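Values in this document were obtained by computation on a predicted structure and should not be read as measured data. A note on names: the letters A, B, ... follow the listed sequences, proteins ahead of strands, and every chain is numbered from 1.
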Amino acid sequence: MPELPEVETIKRELEPLITGQKIKECVVLRKDVIAFPSFQNFRRSLLNNKITNVKRIAKYLIIELDPDRSLIFHLRLSGALIVRPLNTGFERFTRLALKLDKCWLLFVEPRVLGRVYLLNSNDKPACLKGFYRLSPEPLSRAFSKRYFQNQIKKRKAIIKAILLNQDICAGVGNIYSDEALFRAGIRPTRRANNLTYDEIEKLRIALRSVLRDGIKHLGTSVSDYRRTDGKKGNFQKMLFAYGREGEPCRRCGSEIQLKKIGNRGTRYCPRCQK
DNA sequence: ATGACGTCCTGCCTGC
DNA sequence: TGCAGGCAGGACGTCA
């Protein structure tokens, strides 16, 4: 599923491919993915807009346009943004297709949970409220030792849930939260306010390193995640916890456990993670 | 304000 | 072989 490293990879690959092109046609194959505005307005506003920039905030991919608008994608579990030559057809599960000057940009989303938003500069739709209260980026300077300790110490929820909270750790999802907890040697069921200051700092460092490694290896392809050319990432080969339930821990050999925590599958090593 | 949990959505996997 | 049922999970809404 596209988390921060996957969306960052898509952003880096997409930017040189589409920047400077105009949107010539907009084909909506599934209206559900258009979250804002209404789908008629969405189409009308997009036509002949020029792509000026591509950026990423947390798990959101943002295509900036001229006139001044933002086309925001959230890929959720299975979304992909695929670039294809003009003379090819749409692939299976294409929900939105944008015809640019030199290529198609396809929003492919098998599970139809992903969403697209087109915002004029004054728009602040309720359906994007999470976007407006995202925490600092975990790889930024603002995600400091002090910031993280303050956030963790005042919470008594389970640490795994805290890592998934976008108001605290923007861009982190199920894969990288499990991997960060493994690297930090912390049991995902621990209560946040019971972590020591040393453990919290260890976790912050682990979170940053695992996200950086994810980006370095072009993301994790465990199910649907694909890059703009349809190819997979490589980080799934380097996972220690996520998706390894029943297999031996790569550090100590104990069997990796799977536990449902807050309605989310969570993997951990019972020996390495205290 | 916080935390716990249900809901959305559909392809795919499992088991009968 | 075919079908039903369960599962996956990010964000949001609801409730205590």
Keeping R208(A) on the side-chain end and S140(A) on the backbone end, is there a donor-acceptor pair under 3.5 Å? yes
Please work out if R115(A) contacts a base, only the sugar-phosphate, or nothing of the nucleic acid, heavy-atom cut-off 4.0 Å. nothing
Can you check the K160(A) NZ to dG3(B) P distance for me, whole Å? 17 Å
Using whole Å, report how far CD1 of I175(A) lies from C1' of dG9(C). 11 Å
Please state how far atom NZ in K154(A) lies from atom C1' in dG3(B), giving the value in whole angstrom units. 14 Å
Given dA11(C), dC12(B), dC9(B), the nucleotide with the shortest approach to the side chain of L113(A): dC9(B)
Salt bridge (Lys or Arg N to Asp or Glu O under 4.0 Å) contacts touching residues 31-54 of chain A (sequence neighbours left out): R30(A)-D32(A)
List in chain and number order the residues that pass ring pair (Phe, Tyr, Trp, His ring centres under 6.0 Å) with F240(A), two or more places apart in sequence or in another chain; answer none if no residue qualifies. F182(A)
Residue-phosphate contact under 4.0 Å: H74(A) side-chain N/O, dA11(C) OP1/OP2: yes
Could you tell me how the ring of W104(A) sits relative to the ring of F90(A): parallel (under 30°), tilted (30 to 60°) or perpendicular (over 60°)? perpendicular
Atom CG of L164(A) and atom P of dG9(C) are separated, to the nearest Å, by 10 Å
Option passing side chain to side chain contact (heavy atoms under 4.5 Å, CB included) with L61(A) (candidates L14(A), L75(A), V116(A)): L14(A)
Mind telling me whether Y176(A) and F235(A) have parallel, tilted or perpendicular rings, with 30° and 60° as the class edges? parallel
Hey, does the Lys NZ or Arg CZ of R267(A) hover above the aromatic six-ring of Y242(A), less than 6.0 Å from the centre and inside 45° of the axis? yes
OP1 or OP2 of dA11(C) versus the side-chain N and O atoms of Q166(A): is any pair under 4.0 Å? yes
Euclidean distance, atom CG of residue L134(A) to atom C1' of dC12(C) [Å, nearest integer]: 13 Å
Got a second to check how far T9(A)'s OG1 is from K216(A)'s NZ, nearest 0.5 Å? 13.0 Å
Hydrophobic cluster (4.5 angstrom, side-chain heavy atoms) - remaining members for L77(A): L113(A)
Could you check which of dC12(B), dC9(B), dC12(C) has an atom nearest any side-chain atom of Y60(A)? dC12(C)
Is R56(A) salt-bridged to E8(A), cutoff N-O under 4.0 Å? yes
Between atom CD1 in I261(A) and atom P in dG3(B), what is the gap in whole Å? 16 Å
Whole angstroms only, please: what is the CZ-C1' distance between R133(A) and dT2(B)? 12 Å
Tabulate atom names and distances for all N/O pairs under 3.5 angstrom spanning the protein and nucleotides 13-16 of chain C.
unit_1  : atom_1 : unit_2  : atom_2 : d
dG13(C) : OP2    : K129(A) : NZ     : 3.3

Anything under 3.5 Å between a protein N or O and an N or O of nucleotides 4-7 of chain B, put it in a table, one pair a line.
unit_1 : atom_1 : unit_2  : atom_2 : d
dA4(B) : OP1    : R191(A) : NH1    : 2.9

Taking the six-membered ring of Y132(A) as reference, does the NZ or CZ atom of K124(A) fall below 6.0 Å from its centre and within a 45° cone about the axis? yes
Let me know the distance between CG of D32(A) and C1' of dC12(C), rounded to the nearest Å. 17 Å
Test item: E245(A) and E247(A) side chains (from C-beta on) under 4.5 Å apart, heavy atoms: no
For nucleotides 4-8 of chain C, which of its nitrogen or oxygen atoms have a protein nitrogen or oxygen under 3.5 Å away, and what is each distance?
unit_1 : atom_1 : unit_2  : atom_2 : d
dA8(C) : OP2    : K260(A) : NZ     : 2.6
dA8(C) : N3     : R111(A) : NH1    : 3.0

Is the phosphate of dC9(B) approached by R30(A) (side-chain N or O, under 4.0 Å from OP1 or OP2)? no
